[in-house]
Amino acid sequence: MGTREPDNVLVINCGSSSLKFAVIEPTSGQVLVQGLAERLNTEEGRLQVKPAEGERTTDAIPRMSHAKALEAILKRLQSFKISAVGHRVVHGGEYFSGSVQLDEEAVRKIAACEVLAPLHNPANIVGIRAAMTSFPELPHVAVFDTAFHQTMPPHAYLYALRYELYEKHQVRRYGFHGTSHRYVSGKAAEMLGKPVDSLQMITSHLGNGCSACAVKEGKSVDTTMGLTPLEGLVMGTRSGDVDPNLLLFLVENTGRDFRDVTDLLNRGSGLLGISGLSNDMRTLQEAADKGDRRADLAIAIFCYRLAKGIMALAASLDRLDAVVFTGGIGENSAPVRERTLASLKVLKAEVSPELNAVHGKHAAGRITTETSGLLAMVVPTNEELVIAREAIAFVHG
Ligand code: ADP
């Protein structure tokens, strides 16, 4: 019996002005090459490529469109056998509760969700079309940020608004970061040596965007993000929950129009807005350590609101077997985890400073003491690997 060449998947995450890619061997999870085409359609366009073995290269490619970026990427992938392409798609609306092999019908449905994600879905579709042109012979699979949350019950996903708004305009809570919540809940179960369908946990993905999710027996039953990724927790530049009347208040009192206010809530708020310094948690921690009061306040609000979000999500569970931290902040910031757990004293959370300092690497992810009333863990996420595995499943059937 001859050994089969391993299947590799090209994973594409296409934004409006950037395109991230990686070639992944889905069984081992090995990343063979990864890169980023950024500042697309500008004079400053550039393509960075980093092979697993070898130096990172950076090429200036002015006025690089998404299609041109893929063409340039393709040239650099000649030596890899690629069996499928996995696309990260932000919004699948109520059409998709799982991944889908892309055909015209699926692309039409993704386009129909553009009204729900006007910044993301059009860019995702541009990436899909360009990749389908560059790799016409390969299966293309869409993996949705919203799909994992399609198991939420109506009492969790409906807003207390006129019901017709849901029926006529699909106004409801969808949730995002589903690929990450699904991956880390499964991984946490694996690390605990228990089947995921025997566990009830809350996962918190803390990156530039932040959301938490109640995962009951492997299924999302509630999450902090809503119709759009603005709802819920404090994030890098997003406010998270505010009083909805705030929009009108700001329009009437600050001379801004609704578009400016929406922009302010999405891009000028959160950690950046409070600190006036940065949306980056590392920068804020350094500043806070040097005595910057507003940087410290931004972190305090971030952690308190996260703890509050976790407590609220607990309403959807019968018990709380674990709280899981992931994402750039969740995986790396011991102070954020410590401050968040300090606001969960009601759940009798007791942090182990030693285990927390090493980000859970010494005790199968655990960062709380053995006698803590709440188990908290750190579980690194790997959204690209999930996308690669979803895509290859369509090849093997
Ligand atoms: P994205 O959502 O873009 O994928 P990431 O998951 O990479 O973002 O998270 C980015 C955030 O993680 C930034 O706020 C960054 O400051 C934070 N971060 C990364 N490393 C650390 C660290 N060692 N300590 C504190 N925060 C960190």
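For ligands, and for the atoms within them, numbers begin at 1 and follow the listed sequence.
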Quiz item: Does one side chain, of E390 or S99, offer a donor that lies under 3.5 Å from an acceptor on the other?
Solution: yes
Quiz item: Is any N or O atom of N208, backbone or side chain, closer than 3.5 Å to an N or O atom of ligand 1?
Solution: yes
Quiz prompt | Nearest-contact summary for atom 22 (C) of ligand 1 - protein heavy atom, Å | solution = N332 CB, 3.3 Å
Self-check item: Check: G328 N/O within less than 3.5 Å of ligand 1 N/O
Solution: yes
Exercise. Among Ile, Leu, Val, Met, Phe, Trp and Tyr joined by side-chain contacts under 4.5 Å, find the other residues sharing a cluster with Y163 and list them by chain and number.
Key: M152, Y157, L158, Y166
Quiz item: Between D7 and S83, is any side-chain donor less than 3.5 angstrom from a side-chain acceptor?
Solution: yes
Self-check item: OH-CD distance between Y174 and E94, expressed to the nearest 0.5 angstrom
Solution: 5.0 Å
Quiz item: How does Q285 reach ligand 1, by side chain, by backbone, by both or by neither, if only non-hydrogen atoms under 4.0 Å count?
Solution: side chain
Practice problem: Among all protein heavy atoms, pick out the one at the shortest distance from atom 14 (O) of ligand 1; state its residue, atom name and that distance to 0.1 Å. | Solution: M281 N, 3.0 Å
Quiz item: D280 heavy atoms, cut-off 4.0 Å: which ligand 1 atoms fall inside?
Solution: 14 (O), 15 (C), 16 (O)
Practice problem: Could you pull out all residues at least two apart from E331 that satisfy side chain to side chain donor-acceptor pair (under 3.5 Å)? | Solution: T326
Quiz item: Do protein heavy atoms approach atom 4 (O) of ligand 1 to less than 4.0 Å?
Solution: no
Self-check item: I329 N/O under 3.5 Å from ligand 1 N/O
Solution: yes
Quiz item: Quick one: which ligand 1 atoms are inside 4.0 Å of a heavy atom on S333?
Solution: 25 (C)
Quiz prompt | I367 side chain near L341 side chain, heavy-atom distance below 4.5 Å | solution = yes
Practice problem: Can you sort out which atoms of ligand 1 are near G207, meaning under 4.0 Å from one of its heavy atoms? | Solution: 2 (O), 5 (P), 6 (O), 8 (O), 9 (O)
Practice problem: Decide whether S211 and H181 meet the rule of one side-chain donor and one side-chain acceptor closer than 3.5 Å. | Solution: yes
